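Order of appearance sets the numbers: ligands from 1, and atoms from 1 within every ligand. Computed over heavy atoms, backbone and side chain alike; hydrogens, waters and symmetry mates excluded. The chain is numbered in sequence order, starting from 1. All values derive from a computational prediction rather than experimental measurement.
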Amino acid sequence: MTQTFRMDKPQPRLLDETRQGVIGTPMDRPDGPLKVSGQATYTADALPEGCVHGMLVRATVTRGHLRDIDRDSIADIPGLLAVVRDPRFLRNPAQGMAGEAPDQPGDRIDYHGQPVALVVAETFEAARDGALRLKLRFDSVAAEVDPDHATEVEPQDPTESGDWDAAWSGAAHQVDVVYTTPCHASAAMEPHAAVAEWQGDRLILRGALQMLRFNRKELADAVGIPPEQVQILAPYVGGGFGSKLGIGTEAVAAALAARELGRPVRVVMARQTVFDAVLRRTETRQHLQLAADAEGHLLALGHDDRVSNLPGEEFAEPVSSASQFLYGARATRFRQDMVRVHRVGAGSVRAPGEAVGVIAIEAAMDELADALGMCPVELRLRNLPDQHPVTGQPFSARALAGCLREGAKSFGWSDRQAPGARQEGDWLIGMGMASAARPNMLVKSAARVRLSAEGAVVETDMTDIGTGTYAVLTQVAAEMLGLPPGQVTVKLGDTDLPGASGSGGSFGASSSGSAVFLAAKKIRDRLAAKLGCAPEDLSLQDGLARGANLEAPINDLLAGDVFVEEAEIKGGKTAESHFSAGFGAHFCEVAVHRWTGEVRLRRMHGTFAMGRVLNEKTARSQAVGGMIWGVGSALHEDMSHDPRTGHVVTRDLANYHIAAHADIPRDMQVVFLEERDDFANPLQSKGVGELGISGAGGAVLNAIHNACGVRIRDIPATPDRVIAALEAAGR
Ligand code: MOS
């Protein structure tokens, strides 16, 4: 039995003592050449012998029941094998870390586009033909699809402190505004896919999934077999952003069809299905109330929001999460209403909560700075709380002030002028800024490390969803074992390997990296014993062990043996004693066209402090990617639903606009401030991916205001909205 290490107290900063010198460097991804040459096999790529093809059939009513499937309607299709219908089909994907099957509604339909059957054929084309032509009969009942009209409202427990009325009414300045954000799609590049194969009672599933340890249980529960009989393989995943956290409808359908037919079945979602049958990010309506004294000290801070989901889904976007700890106020109020609508289910989409909540709080803070006539950076610096305002926990490490100051300096914030003052022809130029924050987590994770004369092998069921796991785990092992990275092999994405955190919530690199660190540390202890020195005196570099005036090649210490060690880590007392989060500051410059309302981003700087940087290149890519996502949510992204049926209208990448190359300038700069978070994990690192999004869109909205003097509170700030605001302001 592997002992589980609990993070109960700060650990020595061993990675500052080790000698290999690869941790933190911008090392290239070892998987990069495989990916760019097409050799990395994604789920849909490798077909087992005899594999057939399934295509999901979806409901064409919003709410009701499936009454009848007319199998004869497609009997003429050559190569047609089956129309599979099973009460174990899922309504929607599982929520992240559920560990059990989501709703299995049988014949009940809860949203337009819900997968109800699978057409299986010898070829993909025949299956698709069948899925499109299959005649289904539904009973239909009235359904609410619009959150603005929904009557089923569930107020969640509020979080409140202080005397609100006194704080609010006694303030010199008040901001009382409503921001709205639309639904977002994850829009991962790789469509959701599954290839299922049964070997006797054992189910082998290749899947596009983020969290295999959980997915295995979810799939087993859905199909009705013990988890030990399920193996999931996902060596490469083409992006997830939350949409592949839980087991998907495609995986369960493929598994059931494969059992029924006795042949492997591949199910790949069409791009449109990815949009309208995968969990969306909820739309939000956010009510911000900020009140300050004449010096800009916050007296009242209120952030109420309304989100939506399908009936029965527990997930509620944690919209005000960061608003609860970014700033302090004498009185605070955070309330949430959940409304039930018959739209595709809502779940985690990159930086759930912060991605939309920090846009609104940071835009409202800008409005308050405006009312005060105060520099927005100064307003934030003035309101940093000494501890987490709601929980009272001390911050483990918080360099927000440093990010604000350093970011302002490197960006050239002091050149900012009054709204509307800077013009270049028909373009109005403005600068905006925003804070960034994202809670950091440590999730249970295990890994095995083998060291032999051939080098080191790292084994875990962790995934690399494009984030750089292969690179980061290579670096942790190489650093700890004193080997060049080329002598380390990382094996991922197989549930037969020790179970990891999976990729989600920006906790993957730190959690799985900590498990590798601990396993490698045990090997170091064994090498120290062989060398004859104390573990703390051991130094390993380029295959050589040194300590206590002794020196020997690692291979001599191994003496032909293979050292195998496994370790597991999970969160402990430090998660209670301290509040750990990454922080940052965004600064950007935009141009707003006076007549067309077009907004162009001209440059953007992100300054972040998120503990030890494990790989400077992949961390930077995450940060820039997050910032770009933030820009997209401020200016482009808008998932629209038909007001009658609730079906997704913008359901491909032509209609659902994400930021493209032409939207993003070359000048996207990222600076990491040196930091160690001793309470986070033994690596002293924190999550980065979702930190980059947090606040980025707020900085863009604030820059729009500085450019042309109008506030856009319904995002995205598309040209029609900017023109209307300019006209309303008489500009
Ligand atoms: Mo993330 S939204 O937890 O993949």
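- Under the rule for a ring pair (Phe, Tyr, Trp, His ring centres under 6.0 Å), the partners of F679 that lie at least two apart in sequence or sit in another chain are H578.
- Proximity of the aromatic rings of H647 and H112 is defined here by a centroid distance below 6.0 angstrom, and this criterion is met.
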Under 3.5 Å, which donor-acceptor pairs do the side chains of residues 232-250 form with other protein atoms, sequence neighbours left out?
residue: S243; atom: OG; partner: H192; partner atom: NE2; Å: 3.1
residue: S243; atom: OG; partner: G240; partner atom: O; Å: 2.8
residue: K244; atom: NZ; partner: E190; partner atom: O; Å: 2.8
residue: K244; atom: NZ; partner: E190; partner atom: OE1; Å: 3.0
residue: K244; atom: NZ; partner: G239; partner atom: O; Å: 2.7

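- Checked by atom type and distance alone, the side chain of H657 pairs as donor or acceptor with a backbone atom of A654 at under 3.5 Å.
- Near ligand 1, Q210, F241, G242, L245, S348, V349, R350, P352, G504, G505, E690 each place a heavy atom less than 4.0 angstrom from the ligand.
- With sequence neighbours excluded, no residue forms a salt bridge (Lys or Arg N to Asp or Glu O under 4.0 Å) with R29.
- In this structure, a donor-acceptor pair under 3.5 Å is absent between the side chains of T284 and D305.
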